[in-house]
Amino acid sequence: MGLNPFFYFNLLFNVTGDLMNILVINAGSSSLKYKLFDMKQSLVMAGGVVERIGEAASLISHTVYQGDLPRKIKLAEPVKTHEAAMHRVVSLLIDPETGVIEDMSHIDAVGHRVVQGGEAFGQSILIDDRVKQAIEDNNPLAPLHNPANLTGIEVAGRIFGRVPHVAVFDTEFHQTMPEKAFLYALPYSFYETHRIRRYGFHGTSHKYVSTQAARLLGKPIEATNLISLHLGNGCSVCAVKDGACIDTSMGMTPLAGVMMGTRTGDMDPAIIGYLLEQTGLDITELDAVLNKKSGLKGICGSNDLRDIHEQAAGGSRRAVLALDMFSYQIKKYIGAYMAALGDVDTLVFTAGVGENDEIVRLKACENLSVFGIDIDLEKNKVIRSADPFHIHTPGSRIQVWVIPTNEELQIANDVVELLG
Ligand code: ADP
């Protein structure tokens, strides 16, 4: 019988189930986000972002979560590379004024957010050279994200040396989807040769709120059915059966599904060829329109729901239309996933819009009594809460919860689960 590989791993890295401080890193093309967790208490100690890396004036925002109120420090200084950014983060974390740990040896493991894991990764994984190669192999599927995520992994590997590094993929939660849900009705060879399929995104968020929902319902996650609605600037809906994803609204890329702040969501694919012919835009320009100038912004000029409500209250027909379209599309996904799931315990609203916008929540669930979904108007009014709250009536067959998401904590949890 072979020994568990973690036996050797634990000897090598002295990981004996006592992982205390986990640094979570999300490296973008010109930014580096970080959060340091004390996992003994599931508490965030410090976090922040270095933005505009490589520009003359980079911006650093660092927050220390100790004492009664978070302490925010803002700095503007040149940060030339991701490596320099990571060194700066370490210096902030250990500085007597801004820090929360004595020195780097108090970081026990690093969790890396990676956007596209493709079919290679159905779960989080300890990073080695083969994993890095597999992430690179997925670069064509996420050219804006995976190379930057990999840079973060390389840089952190050099700086934090031999502590374990774990990759957590946005796509991994969705790898349980059956073929009938993830395939597009294109020639099958496109899937085999070009890996064209639905991958889904926001997986760490859907996983986090699903786990929380099961806990709140007092059911094991393996016996919980739910529809998770992550509505932020990017939006995705996920059907979860017995704790596993069986379908999700985003597709091969995060452009598909419900209309979003600036992204189209689902549309007739023939529109693209037609627009290329009619407008003279090239494919790069059109891609920018679909990703950055469409969605709510395309309809009414703003992608922020707070502005849109203000405009609507001031009589803007387009703002009202944008709200109607958005809520209607969410409602259609709820209906579709109720049909896909059959039996649903709860709907969960999360992310910037889902957690804060009572009107979108209400409109998306309007007239769904026939499906057993009834919203309590008073409970739905709670709009600022760090804790989960439910908004269904006592008679509602299906519960409806608002659960603040915490993608970084989910990444840290995955690290602990994998290494612990
Ligand atoms: P991202 O997808 O960028 O992570 P978030 O989940 O933070 O986005 O969501 C950002 C969006 O949440 C904003 O664009 C805005 O539309 C919405 N939002 C944030 N706060 C509120 C609020 N108090 N009321 C309504 N909508 C809000």
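Every number for a ligand or one of its atoms is a count from 1 in the order of the listing. Each residue takes its place number in the sequence, starting with 1. What's counted below: heavy atoms across the whole structure, side chains too, no hydrogens, waters or symmetry copies.
- Of the protein's heavy atoms, Val353 CG2, 3.6 Å lies nearest to atom 17 (C) of ligand 1.
- The nearest heavy-atom contact from the protein to atom 14 (O) of ligand 1 is Asn303 O, 3.7 Å.
- A salt bridge links Glu378 to Lys381: at least one charged side-chain nitrogen sits closer than 4.0 Å to a carboxylate oxygen.
- Taking a cutoff of 4.0 Å between a charged side-chain nitrogen and a carboxylate oxygen, Glu179 and Arg197 do not qualify as a salt bridge.
- There is a protein heavy atom closer than 4.0 angstrom to atom 1 (P) of ligand 1.
- For atom 26 (N) of ligand 1, the nearest non-hydrogen atom from the set Leu305, Thr405, Asp307 belongs to Leu305.
- Ranking protein heavy atoms by distance to atom 15 (C) of ligand 1, first place goes to Asp304 OD1, 3.5 Å.
- Between Tyr34 and His62, the angle of the ring planes stays under 30°, which puts this pair in the parallel group of the 30/60° scheme.
- For atom 6 (O) of ligand 1, the closest heavy atom belonging to the protein is Gly352 N, 2.9 Å.
- Electrostatic pairing of Arg158 and Glu83 counts as a salt bridge here, judged by a charged N lying under 4.0 Å from a carboxylate O.
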Given salt bridge (charged side-chain N to carboxylate O under 4.0 Å, His left out), test Asp304 with Arg306 step by step and report yes or no.
CA-CA 5 Å; Asp304 192 309; Arg306 288 161 291 195; 2.9 Å; yes
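- Closest to atom 3 (O) of ligand 1 among all protein heavy atoms lies Asn233 CB, 3.6 Å.
- The existence of a salt bridge linking Lys207 and Asp414 is confirmed by a sub-4.0 Å separation between a basic side-chain nitrogen and an acidic carboxylate oxygen.
- Each of His145, His112, Gln133, Lys132 was compared with Leu150 under the side-chain contact (heavy atoms from CB on, under 4.5 Å) criterion, and only Lys132 meets it.
- Summary of contacts: the protein heavy atom closest to atom 23 (N) of ligand 1 is Asn356 CB, 3.5 Å.
- Within the 4.0 Å heavy-atom shell around ligand 1 one finds Gly234.
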